[in-house]
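Proteins come first, then strands; the chains are lettered A, B, ... in the order of their sequence lines, and each starts at number 1. Predicted model only: the values in this text are computed from it and were never measured.
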2 protein chains.
Amino acid sequence: MIDLAVLGLLSESDLHGYELKKRLREIMGPLSSVSFGSLYPALARLERDGLVEAVMLDAVDHSSPSIPMTGSLSGEAAAFRAGRLRSVRGSRNKKVYAISPAGRARLGELIADPSGDERNFNLKLAFCRWTEPDVRLTLLERRRAALVDCLSEGRRSIVAGSERIDRYVRSLMEHHTESTERDIAWIDRLIAAERTTAEPMAAEHAGPPVESQTIGGKP
Amino acid sequence: MIDLAVLGLLSESDLHGYELKKRLREIMGPLSSVSFGSLYPALARLERDGLVEAVMLDAVDHSSPSIPMTGSLSGEAAAFRAGRLRSVRGSRNKKVYAISPAGRARLGELIADPSGDERNFNLKLAFCRWTEPDVRLTLLERRRAALVDCLSEGRRSIVAGSERIDRYVRSLMEHHTESTERDIAWIDRLIAAERTTAEPMAAEHAGPPVESQTIGGKP
DNA sequence: GTCATCATGTAAGCCGTTACATGATTGC
DNA sequence: GCAATCATGTAACGGCTTACATGATGAC
């Protein structure tokens, strides 16, 4: 999960740990954000595995400002090498990470991997622009199916426990049901957008669209 | 968290582990439910701490069908002792748990405790009928405040990252914002219901209602 | 000069999951 | 008799949080 988040953010720009954490809060919300205690070890592990590369920025000899280097660094690190950015705020002792080709491949795997959906869907969606269109569609449809399941199970629970449940539980369940319906509608909009964006030629080997399966208004 | 769920469910009726797990799925949804691997140890711990009491039902000598016993057991166990329920489905080797007075007190503490809101709000709400009305109101208002925070932080993120974020992240953030607005409206309905239910006399020492703080339609 | 923020890490421990092990009961 | 479900547990392991430890920089 943390790998997904880190690789996804580094796909867009090179970042150091502290900034990474701020971005993490932005996209994951204050709740369910990660702490430094897990972020830094994760970065170390990703570096060890060759999925990210780190450049230490400290009191640098910024001689030769235009080295091509390995070519995999861009964004902040490149800007730094180019001579800009040094005064932005204490550019000492910051370890700027960049995603490697292997890291990009891993990100693709993580987004395509169906296990750990549910928990990580939001993150996968946030970074799905780095995957192929068909992976995106699959992700969205898998999510839709899960939500439909969740919805019907929720309704079943309300019926099954109708005598037992008090007004608080009832309100909770009803609210949850409505939220899930809205989530499904949202996913449907994303799916529709995805289909119109994709080249129409690819439509034939994508199979017929899922049965429209009305999710219904308030019962 | 698991303590909260277990004590809450046992407040309503005596249950054995397996049934407890099913109820857990009902109220917490299929996602974020607990597994046997954590449920059974938790039950053992709660029993050790005197928060629940267990009655083993196995191939029983059900002599003397009307013992008063300790008096703390009710529901399924009582029904069993009364001679009903034995044929409902293999009543052998089931360990039926009942909440103790200490357990009820602990449940009250867990619901009132502000830490671990966010993660456990739904569970707290589900079982808040076992607490005092003022605890319920405090819980709801704490939640409302958290959601308002979340909302404003979300909006700030959208503005702050407006250039950086792609359409997937944008859609995610907008959907999240809308969901949060709906959550707040829902909480407001619960708060309103709570206030009208509470005896009007108590209104004076509850302080003035929170500033109405419009959460706004689509910006 | 001191405080808030930026910045990076380590260590202990909680909480929960997965996988394993076992056995009774019911329906076919 | 065999599979599915009911029912209870244990053991290993993983991921993330909390708390701790450290130090630079910038604002006032």
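- The distance from atom CE of A:M56 to atom P of D:dG23 is 14 Å, rounded to the nearest whole Å.
- As judged by a 4.0 angstrom heavy-atom cut-off over every strand, B:S33 is placed among residues touching the sugar-phosphate backbone only.
- Computed from coordinates, the A:K94 NZ to C:dT5 P distance equals 17 Å when rounded to whole Å.
- In this structure, B:I2 atom CD1 and C:dC14 atom P are separated by 16 Å, rounded to whole Å.
- Counting to the nearest Å, the P atom of D:dC16 and the CG atom of A:L123 are 11 Å from each other.
- With sequence neighbours left out, the salt bridge (charged side-chain N to carboxylate O under 4.0 Å, His left out) criterion links A:R129 to B:D166.
- Residues from residues 36-45 of chain A that place a heavy atom under 4.0 Å from any atom of DNA chain D, listed by number: A:G37, A:S38.
- One can place CZ of A:R25 at 14 Å from C1' of C:dT5, the figure rounded to the nearest angstrom.
- Checked against ring-ring contact (aromatic ring centres under 6.0 Å, His included), B:H176 has no partners two or more places apart in sequence or in another chain.
- Whole-Å rounding puts the B:E47 CD to D:dT8 P distance at 12 Å.
- Contact annotation: B:S35 reaches the phosphate of C:dT17 (side-chain N/O to OP1 or OP2, under 4.0 Å).
- Residues forming a salt bridge (charged side-chain N to carboxylate O under 4.0 Å, His left out) with A:R25 (at least two apart in sequence, or on another chain): B:E153.
- Partners of A:A102 under the side-chain contact (heavy atoms from CB on, under 4.5 Å) rule, at least two apart in sequence or in another chain, are A:L51, A:S100.
- Side-chain N/O atoms of A:S179 and B:W186 include no donor and acceptor closer than 3.5 Å.
- Rounded to whole Å, atom C1' of C:dT8 lies 16 Å from atom CG of A:L46.
- The side chain of B:Y18 sits closest to D:dT5 out of D:dT5, D:dC16, D:dG9.
- Under the 3.5 Å distance criterion, with hydrogens and angles disregarded, a donor-acceptor pair is assigned to the side chains of A:E194 and B:Y168.
- Distances from the side chain of B:H16 to the nucleotides C:dC6, D:dG9, D:dT8 place D:dT8 closest.
- Proximity note for A:M1 (side chain, C-beta onward) versus D:dC16, D:dC6, C:dC6: the nearest is D:dC16.
- The NZ-P distance, from B:K21 to D:dT8, rounds to 12 Å in whole Å.
- Taking the side chain of A:K95 as heavy atoms from C-beta on, and the options D:dG9, C:dT8, C:dT17, the nearest nucleotide is C:dT8.
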Which atom pairs, donor and acceptor, lie under 3.5 Å between side-chain atoms of residues 40-47 of chain B and protein residues at least two apart or in another chain?
residue, atom, partner, partner atom, Å
B:R45, NH1, B:D3, OD1, 3.4
B:R45, NH1, B:D3, OD2, 3.1
B:R45, NH2, B:D3, OD1, 2.9

